[in-house]
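This report refers to the structure that appears directly beneath it.
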Amino acid sequence: MPKRNQTLGEFIIENQADFAYSSGELSRLINSLRLAAKVVNHEVNKAGLVDIIGGYGETNIQGEDQQKLDVMANETFIQTLTNREIVCGIASEENDDFITIAGCDRDHQNKYVVLIDPLDGSSNIDVNVSVGTIFSIYRRVSPIGTPVTKDDFLQAGNNQVAAGYIIYGTSTMLVYTTGNGVNGFTLNPALGSWYLSHPDMKIPTTGKIYSINEGNYVHFPQGVKDYIKYCQEEKEDRPYTSRYIGSMVSDIHRNMIKGGIFIYPKSSKATNGKLRLLYECNPMAFIVEQAGGKATDGFKRILEIKPEELHQRVPFFCGSTRMVEKAEEFMAQYGD
Ligand code: P6P
């Protein structure tokens, strides 16, 4: 049973047996992510003081303007994971293709691949709103000691061995699962240590918060429009409260604690929605399901979707089970 205020290091050692197949590699992998998170946290928190805020002058494969912190975070996580020689491949929102770690085709026996959104919500950076990092970890499916292949990354979300997010907010938290529940650790920046502040996190089965960008209302499927009106009705348990930060990690973290639903649906402007399956929806879905919640594309479970492309997008309905089920009822009336 997790002990409140245990450090992350103590927690990992105590729960080593929980890491499926792990010969300590997964523990070392989580440890390297927490080191990178501290570096990124330091940069994010001082961004206002140095010339690191603002555009990097280039765009990523998503066609989004890369923010300087995006690039810094991406380089930090990739370098830390590479230096520690724990993984054999990395895929990132900021990189067009996956990265093969040198040596994984001969020297070392590394068996994990990591998929990462190094700084989610980066459009909020310049306005000082919380942003986050999201990571997803799989065992490779190609033979150990050979170069990684795209199939190592295009695995359904229910194959994940671990997933987590870091939220750089009023405090910095690392929230992750290895398939045995969800635990949240808060960074004490003075000591550089992470403390177990949210043991065994469970999302409320229902809630009163809905998170969706209603600016796109006219472009939504009818089922989404009907659900939004349902949330706004004057009834015994409604209207709900609308909260939308524009940083998925922040919106979902709030809903994890208070209960709620986050929806980024498809629309006539974005026929598969905006969020990426591999390094945004799958890890968040794994975490929310492990906390007792639900995550679908409005119809089917996110973790059962077989990926076709590294950067593919999916519609995303995620949060308190009862709320996701109610939204799905409206979606089912129209079938798309
Ligand atoms: P919109 C941030 O860019 C992000 O990927 C998610 O973190 C966030 O939920 C979404 O996009 C916001 O998108 O179109 O509502 O601004």
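Residues take their numbers from the sequence shown, with the count starting at 1. Predicted, not measured: the structure shown is a model, and the values here were computed from it. Keep in mind that the numbers below use all heavy atoms, side chains included, and drop hydrogens, waters and symmetry copies. Order of appearance sets the numbers: ligands from 1, and atoms from 1 within every ligand.
Listed by number with element, the atoms of ligand 1 under 4.0 Å from a non-hydrogen atom of S247 are 7 (O). Near F262, the atoms of ligand 1 lying under 4.0 angstrom from a non-hydrogen atom of the residue are 9 (O). With ligand atoms numbered from 1 in the order given, ligand 1 contributes 5 (O), 6 (C) to contacts under 4.0 Å with heavy atoms of L275.
Residues S320 and T206 bring no donor and acceptor atom of their side chains to less than 3.5 Å of each other. If you check the side chains of T271 and R313, you find no donor sitting under 3.5 Å from an acceptor. A donor-acceptor contact closer than 3.5 angstrom is absent between the side chains of D117 and Y165. Side chains of T172 and N41: a donor on one and an acceptor on the other come within 3.5 Å. Side-chain N/O atoms of N74 and N95 include a donor and acceptor closer than 3.5 Å.
In terms of polar-atom proximity, defined here as any N/O pair under 3.5 Å, M248 does make such a contact with ligand 1.
Within the 4.0 Å heavy-atom shell around ligand 1 one finds R276. Put simply, no part of D251 is less than 4.0 Å from ligand 1, judged by heavy atoms.
I203 and I252 end up in the same hydrophobic cluster when Ile, Leu, Val, Met, Phe, Trp and Tyr side chains are linked at under 4.5 Å.
Nearest protein neighbour of atom 5 (O) of ligand 1, counting heavy atoms only, is D120 OD1, 3.5 Å. Regarding atom 14 (O) of ligand 1, its nearest protein heavy-atom neighbour is Y264 OH, 2.6 Å. Of the protein's non-hydrogen atoms, the one nearest atom 8 (C) of ligand 1 is G246 O, 3.4 Å. Looking from atom 15 (O) of ligand 1 to the surrounding protein, the closest heavy atom is Y244 OH, 2.6 Å. Of the protein's non-hydrogen atoms, the one nearest atom 13 (O) of ligand 1 is K274 NZ, 3.0 Å.
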### Verdict with supporting geometry, D70 and S122, side chain to side chain donor-acceptor pair (under 3.5 Å)
CA-CA 7 Å; D70 268 330; S122 51; 3.0 Å; yes
